[in-house]
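Convention: sequence-line order gives letters A, B, ...; per-chain numbering from 1.
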Number of protein chains: 2
Amino acid sequence: MKTSVVAVEPTGHFCVDCSVRQFSLCAPLDKSEIREFEQLGRQIQFAPCETVFAQEEMTTSFYNLLEGVMRVYKLLPDGRRQIVGFALPGDFLGMSDTARHGFSADAIGPVSVCRFGKSAFSRFAEDKPHLLRRINELAVHELNQARDHMVLLGRRSAEEKVATFLIGWRDRLDQLRGASASVPLPMSRQDIADYLGLTIETVSRTFTKLEREGVIEIIPGGVCLRDPERAAALAAA
Amino acid sequence: MKTSVVAVEPTGHFCVDCSVRQFSLCAPLDKSEIREFEQLGRQIQFAPCETVFAQEEMTTSFYNLLEGVMRVYKLLPDGRRQIVGFALPGDFLGMSDTARHGFSADAIGPVSVCRFGKSAFSRFAEDKPHLLRRINELAVHELNQARDHMVLLGRRSAEEKVATFLIGWRDRLDQLRGASASVPLPMSRQDIADYLGLTIETVSRTFTKLEREGVIEIIPGGVCLRDPERAAALAAA
DNA sequence: CGGGCGATTGACGGTCATCAAGCTGTGTGG
DNA sequence: CCACACAGCTTGATGACCGTCAATCGCCCG
């Protein structure tokens with residue numbers, strides 16, 4: 001088995017052993033709640049590029065990402081794609097305000113998730129204020145990310161977009177695996193383009209430009225930040 | 001006093017009389033809860049263009065919009081602005097995952113809001129699952145809007161952006177005031193531009209183009225949808 | 001009537017998309 | 001071991017869309 005992008009150890013069958021517990025929505029559950037919660041979820045694996053759920057499908061389940069990376073995206077009728085986020089271990093996916101999913105999610109590399117039936121999950125959460133508050137916290141956090149992303153999409157140049165993406169992605173990885181100058185990029189250039197509202201060619205050119213300027217070094221499967229300060233300056237500007 | 005964009009009657013001092021109750025986060029509160037809740041909030045007015053709260057300010061309060069329209073936006077250090085949304089009566093503003101506001105909000109026309117102290121509000125909500133669920137519902141709804149907006153910003157042409165904005169804005173107004181072909185636009189062209197990730201000139205040109213094509217008619221303070229189907233087609237495409 | 005602000009229109013240019021080769025690395029089969 | 005294919009990425013040439021700069025218009029209000 002290939003090594004994962006993020007250094008999270010394989011999880012056992014039980015929540016108590018779960019490596020993403022602390023990052024996850026289940027963090028505030030106490031011992032007896034966790035045991036009950038455990039009964040609701042089933043761990044599932046997905047192969048690279050498999051779809052976990054798709055836009056317009058009926059929402060039957062929620063998903064807690066345990067291992068791997070997923071892309072979360074919306075499609076326009078004519079096929080244009082906007083990736084609204086990359087999900088990492090600990091992220092909770094699938095909440096919707098309608099009966100159907102508003103977006104699709106698929107595995108980038110091999111992925112394992114904890115899957116919960118929607119109604120069972122809802123019944124479980126219904127009367128648990130600490131869990132509901134936790135869900136809120138995650139939702140508000142995602143909202144903030146979403147708004148940052150709107151600024152990026154609406155108001156930044158290609159170079160700023162790429163730099164912002166790299167810094168943001170590195171920061172998220174650092175939270176999971178500890179700091180490092182090397183930034184693995186498991187997603188394709190096309191994924192990055194669709195995340196940044198650019199074309200694959202522009203992304204590629206911008207990477208090359210940043211490399212020529214000594215900001216990054218392009219290595220197989222990712223980049224290495226040679227001048228993190230310059231990159232951060234571009235991202236902040 | 002000028003007539004408001006949205007046909008919501010002036011609110012009294014008391015929640016029971018509140019015209020936006022049903023749209024608002026306080027919808028699920030029962031009679032005795034509402035009386036307690038009433039004590040936490042204070043109704044405040046803002047003049048056109050006044051700032052209700054600003055990015056980076058400490059978060060001391062949350063706001064429930066009662067009347068008027070607000071723009072909610074983020075600024076980059078160099079002054080570029082991205083409007084992340086327009087708020088209408090019933091919208092709840094100010095939640096943040098940090099101690100400071102991540103964005104600014106100001107009144108477009110005259111505005112009245114219900115203001116809640118953050119800690120008092122949090123204490124009140126803390127152990128009320130039905131209220132927490134309601135807050136979740138609102139957050140998930142906003143998240144969906146945010147993701148739709150990302151698609152718009154990242155993957156749509158100027159013409160599609162403007163059409164999508166008009167249709168979306170009309171739909172929101174219709175929910176509050178009932179259907180109508182006329183679409184009041186209380187915000188400036190600059191606001192629209194900053195919402196759509198365009199410049200004011202492009203917005204203006206696109207309005208003119210849509211008018212020439214017979215899709216809309218530009219009237220003082222707004223537009224009239226002459227061919228809603230064509231507009232909707234542009235918005236969906 | 002004149003000042004001022006927001007909106008519109010025009011001319012021009014830059015950034016990024018499009019179209020089209022070429023490149024690189026990886027896996028496959030002779 | 002090398003030829004080959006294939007997919008993903010890079011690079012180049014060209015052009016469109018939209019941003020920039022600047023002038024003008026229209027309207028409100030003094």
Side-chain angles (χ1 to χ4, degrees), chain A residues 2 48-49 71 76 78-83 108-109 152-166 183-213 216-224 234 237, chain B residues 2 48-49 71 76 78-83 108-109 152-166 183-213 216-224 234 237:
Chain A
K2 289 184 67 178
C49 287
R71 64 181 153 249
L76 289 175
D78 62 3
R80 280 175 290 178
R81 185 177 72 155
Q82 175 67 47
I83 293 188
I108 286 179
L152 178 140
L153 291 169
R155 288 294 178 225
R156 307 188 86 123
S157 69
E159 191 175 21
E160 290 171 341
K161 282 179 176 180
V162 170
T164 307
F165 163 66
L166 289 176
V183 183
L185 297 174
M187 68 293 284
S188 70
R189 292 289 191 266
Q190 185 63 62
D191 288 338
I192 298 174
D194 286 346
Y195 180 68
L196 299 176
L198 297 170
T199 60
I200 183 174
E201 293 94 335
T202 300
V203 170
S204 188
R205 275 186 254 272
T206 308
F207 270 90
T208 308
K209 186 176 172 211
L210 290 175
E211 185 168 45
R212 270 200 315 268
E213 291 170 351
I216 63 173
E217 185 187 341
I218 301 170
I219 58 179
V223 300
C224 191
L234 279 171
Chain B
K2 289 183 67 179
C49 287
R71 64 181 151 249
L76 289 174
D78 63 2
R80 281 175 289 178
R81 184 176 73 156
Q82 176 67 48
I83 293 188
I108 286 180
L152 178 141
L153 290 169
R155 287 293 177 225
R156 307 188 87 122
S157 69
E159 191 176 19
E160 289 171 342
K161 283 179 177 181
V162 170
T164 307
F165 163 65
L166 289 176
V183 183
L185 297 173
M187 68 292 283
S188 70
R189 292 289 192 266
Q190 185 63 62
D191 288 338
I192 297 174
D194 287 345
Y195 181 68
L196 298 177
L198 297 170
T199 59
I200 183 175
E201 293 94 333
T202 301
V203 170
S204 189
R205 275 186 253 272
T206 309
F207 270 90
T208 307
K209 188 177 171 212
L210 290 175
E211 185 168 44
R212 270 201 314 269
E213 289 170 351
I216 63 172
E217 184 186 342
I218 301 171
I219 58 178
V223 301
C224 191
L234 279 171

Could you list the protein-to-nucleotides 23-26 of chain D atom pairs, N/O on both sides, closer than 3.5 Å?
none

Non-hydrogen atoms of [X] and [Y] that approach each other most closely:
X        : Y        : value
A:Leu153 : B:Gly154 : CD2-CA, 4.1 Å
B:Ile192 : B:Met187 : CG1-CG, 3.6 Å
B:Thr202 : B:Ala158 : CG2-CB, 3.8 Å
B:Pro184 : B:Pro186 : O-CD, 3.5 Å
A:Lys161 : A:Gly197 : NZ-O, 3.7 Å

Nearest-Å distance, [atom1] ([X]) to [atom2] ([N])?
X        : N      : atom1 : atom2 : value
A:Ile192 : D:dG8  : CD1   : C1'   : 12 Å
B:Arg80  : D:dT20 : CZ    : C1'   : 15 Å
A:Leu152 : C:dC16 : CG    : C1'   : 15 Å
A:Leu210 : D:dT10 : CG    : P     : 12 Å
A:Ile216 : D:dC9  : CD1   : C1'   : 14 Å

Write down the protein N/O and nucleotide N/O pairs, taken from nucleotides 13-19 of chain D, whose separation is under 3.5 Å; answer none if there are no such pairs.
| from | atom 1 | to | atom 2 | distance (Å) |
| --- | --- | --- | --- | --- |
| D:dA13 | N6 | A:Arg205 | NH2 | 3.4 |
| D:dC18 | OP1 | B:Ala158 | N | 3.0 |
| D:dG19 | OP2 | B:Thr199 | N | 3.3 |
| D:dG19 | OP2 | B:Thr199 | OG1 | 3.1 |
| D:dG19 | OP2 | B:Thr202 | OG1 | 2.4 |

Side-chain donor or acceptor of [X] paired with backbone N/O of [Y] under 3.5 Å:
X        : Y        : answer
A:Glu217 : A:Glu211 : no
B:Arg189 : B:Ile200 : no
A:Arg80  : B:Arg155 : yes

Margin query: side chain to side chain contact (heavy atoms under 4.5 Å, CB included) for A:Leu234 and A:Leu210? Distances and angles first, verdict last.
Written below: CA-CA 11 Å; A:Leu234 279 171; A:Leu210 290 175; 3.8 Å; yes
Checklist line | B:Tyr195/B:Asp191 under side chain to side chain contact (heavy atoms under 4.5 Å, CB included): CA gap, chis, key distance, verdict | finding: CA-CA 6 Å; B:Tyr195 181 68; B:Asp191 288 338; over 6 Å; no
Polar atom pairs between nucleotides 27-30 of chain D and protein, under 3.5 Å, N or O only, would you list them?
none

Name the pairs: protein N/O against N/O of nucleotides 5-7 of chain C, kept only if under 3.5 Å.
| from | atom 1 | to | atom 2 | distance (Å) |
| --- | --- | --- | --- | --- |
| C:dA7 | OP1 | B:Arg189 | N | 3.3 |
| C:dA7 | OP2 | B:Arg189 | N | 3.3 |

Just the atom pairs and distances: protein N or O near nucleotides 24-27 of chain C's N or O, under 3.5 Å.
none

Checklist line | Point-to-point distance, once rounded to the nearest 0.5 Å, from CZ of A:Arg71 to CD1 of A:Ile83 | finding: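 Answer rounded to 0.5 Å: 6.0 Å.
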Checklist line | Stepwise side chain to side chain contact (heavy atoms under 4.5 Å, CB included) test for A:Phe165 and A:Thr206 | finding: CA-CA 12 Å; A:Phe165 163 66; A:Thr206 308; over 6 Å; no
Margin query: Run the side-chain contact (heavy atoms from CB on, under 4.5 Å) test against A:Ser157 and tell me which residues pass, sequence neighbours left out.
Written below: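 Result, side-chain contact (heavy atoms from CB on, under 4.5 Å) vs A:Ser157: A:Glu159, A:Glu160.
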Margin query: So B:Arg156 and B:Leu196, do their side chains get closer than 4.5 Å, heavy atoms only?
Written below: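 B:Leu196 vs B:Arg156: side chains apart.
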Checklist line | Working for side chain to side chain contact (heavy atoms under 4.5 Å, CB included), residues A:Lys209 and A:Glu213 | finding: CA-CA 6 Å; A:Lys209 186 176 172 211; A:Glu213 291 170 351; 3.4 Å; yes
